[in-house]
Trainee: 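There's a structure below that I have some questions on.
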Amino acid sequence: METGPIVDTDRITITKGDVKNDLWVSGTVNENPAYSFTAKVFDVGSRYGLDGGQISKLTVWHSGNEVASYDRGWDSPPQTHDDKRAVEIIKSSFREHEQTQSSDTTIRVDLHWRRAAGRTRHADDTGRER
């Protein structure tokens, strides 16, 4: 099973970090390289993510000046049309492998871990770990 978010490299360029192995990545917006960003990106979206998505922390700069900051909520929202567009491009450039955001993320991760570790539930299992 593939892990890590999918990145739209036509829209952004990752300059630091690896989305498959690191939570933190940095990059630029291809449409306007004067915009750069650092983001904490998870495999799946959550209620703490930007618009329920995978980005839980995001700082965006334009020509070295901070123009937006998100940390499980807006600390400093983008003000100009161009700043908002840059944030939208960054946000929409990360997608989950599984297209559905689910409240059962913990269950999916737990089942994936069990399969990877060679553990499975038995038919008589009551749900408690052994």
Side-chain angles (χ1 to χ4, degrees):
M1 178 179 185
E2 190 77 23
T3 60
I6 298 170
V7 178
D8 185 347
T9 56
D10 290 335
R11 303 188 78 193
I12 62 172
T13 299
I14 301 298
T15 58
K16 184 177 179 185
D18 174 10
V19 293
K20 293 193 186 299
N21 298 313
D22 303 324
L23 290 175
W24 286 97
V25 295
S26 296
T28 58
V29 176
N30 294 348
E31 181 179 295
N32 187 343
Y35 282 97
S36 59
F37 67 92
T38 297
K40 187 173 187 179
V41 183
F42 289 90
D43 291 347
V44 294
S46 81
R47 65 183 178 153
Y48 300 112
L50 179 56
D51 291 336
Q54 298 166 258
I55 299 174
S56 70
K57 297 182 182 195
L58 173 68
T59 304
V60 180
W61 297 272
H62 181 256
S63 300
N65 297 314
E66 185 176 304
V67 296
S69 178
Y70 182 90
D71 185 349
R72 297 177 77 175
W74 284 111
D75 298 322
S76 166
Q79 298 299 311
T80 70
H81 171 75
D82 289 341
D83 296 347
K84 291 175 184 176
R85 177 148 175 78
V87 168
E88 183 59 34
I89 289 170
I90 295 163
K91 179 183 73 168
S92 65
S93 294
F94 293 96
R95 297 185 316 276
E96 299 176 27
H97 280 287
E98 297 178 26
Q99 292 299 313
T100 57
Q101 178 180 337
S102 174
S103 60
D104 68 344
T105 301
T106 304
I107 294 168
R108 283 189 289 148
V109 170
D110 186 44
L111 289 174
H112 177 67
W113 177 82
R114 284 187 182 141
R115 286 184 198 116
R119 294 178 150 181
T120 58
R121 290 184 179 255
H122 298 291
D124 64 341
D125 195 346
T126 61
R128 292 178 291 175
E129 293 296 322
R130 293 183 183 159

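This chain uses plain numbering: 1 for the first residue, then up along the sequence.
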Trainee: Going only through I, L, V, M, F, W and Y residues with side-chain contacts under 4.5 Å, is there a path from W74 to V60?
Mentor: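 Same cluster: W74 reaches V60 through Ile, Leu, Val, Met, Phe, Trp or Tyr contacts under 4.5 Å.
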
Trainee: Report yes if some heavy atom in the side chain of Y70 is under 4.5 Å from a heavy atom in the side chain of D75; otherwise report no.
Mentor: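 Y70 vs D75: side chains apart.
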
Trainee: Is the backbone N or O of V87 less than 3.5 Å from a side-chain atom of Y35, with the two atoms forming a donor-acceptor pair by type?
Mentor: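 Flag not set: sc Y35 to bb V87 has no pair under 3.5 Å.
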
Trainee: What is the distance from atom CZ of F42 to atom NZ of K57, rounded to the nearest 0.5 Å?
Mentor: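 NZ of K57 is found 8.0 Å from CZ of F42.
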
Trainee: Nearest heavy-atom pair of V44 and Q54: which atoms, and what distance?
Mentor: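 Minimum heavy-atom separation between V44 and Q54: C-CG, 3.6 Å.
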
Trainee: Are R85 and E88 within salt-bridge range, i.e. N to O under 4.0 Å?
Mentor: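 The answer is no: the pair does not qualify as a salt bridge.
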
Trainee: Has the side chain of D51 got a donor or acceptor atom that lies under 3.5 Å from a matching backbone atom of G53?
Mentor: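 Here the side-chain-to-backbone pair does not exist.
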
Trainee: Just checking, is any N or O donor in the side chain of T28 or S36 under 3.5 Å from an acceptor N or O on the other one?
Mentor: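 Per modelled atom types, T28 and S36 side chains form no pair under 3.5 Å.
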
Trainee: Please find the pair of heavy atoms, one from V67 and one from H62, that lie closest to each other, and give the distance.
Mentor: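 Minimum heavy-atom contact is CG1-CB, 3.8 Å.
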
Trainee: Let me confirm one number: the CG-CG distance from L50 to D71, rounded to the nearest 0.5 Å.
Mentor: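 Here the rounded value is 11.5 Å.
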
Trainee: Once you round to the nearest 0.5 Å, how far does NZ of K40 lie from OG1 of T59?
Mentor: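 K40 NZ to T59 OG1: 12.0 Å, rounded to 0.5 Å.
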
Trainee: I'd like to check F37 versus I55 (side-chain heavy atoms, cut-off strictly below 4.5 Å). Are they in contact?
Mentor: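 SC-SC contact between F37 and I55 ruled out.
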
Trainee: For a quick test of reading the model, state the closest non-hydrogen atom pair linking A68 to P77 and the distance between them.
Mentor: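 Shortest heavy-atom separation between A68 and P77 comes out as CB-C, 4.4 Å.
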
Trainee: When hydrophobic residues are tied together by side-chain contacts of less than 4.5 Å, even through go-betweens, does L58 share a cluster with W61?
Mentor: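 No: no chain of side-chain contacts under 4.5 Å links L58 to W61.
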
Trainee: Nearest 0.5 angstrom please: S92 OG to I12 CD1, how far?
Mentor: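 Separation between the atoms: 8.5 Å.
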
Trainee: With side chain to side chain contact (heavy atoms under 4.5 Å, CB included) as the criterion, how do V25 and F94 come out once you've worked through the C-alpha distance, each side chain's angles and the decisive distance to 0.1 Å?
Mentor: CA-CA 11 Å; V25 295; F94 293 96; 4.1 Å; yes

Trainee: How long is the span from the CG atom in D22 to the NZ atom in K16, to the nearest 0.5 Å?
Mentor: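 Reported value, rounded in 0.5 Å steps: 9.5 Å.
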
Trainee: Using a 3.5 Å distance criterion without hydrogens, assess whether the side chain of D18 forms a donor-acceptor pair with backbone atoms of K20.
Mentor: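 Pair found, side chain donor or acceptor close to backbone of K20.
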
Trainee: Contact between E31 and I89 at the side-chain level, heavy atoms closer than 4.5 Å - yes or no?
Mentor: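 E31 reaches I89 side chain to side chain.
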
Trainee: At their closest point, which heavy atom of S93 faces which heavy atom of R11, and how far apart are they?
Mentor: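 Answer, listing the atom of S93 first, then R11: OG-CB, 3.4 Å.
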
Trainee: Please give me the minimum heavy-atom distance between N30 and T9, naming the atom from each residue.
Mentor: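 What the structure gives for the nearest pair is ND2-O, 3.0 Å.
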
Trainee: Where do S26 and T38 come nearest, in terms of heavy atoms and distance?
Mentor: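 Taking every non-hydrogen atom into account, OG-OG1, 3.1 Å.
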
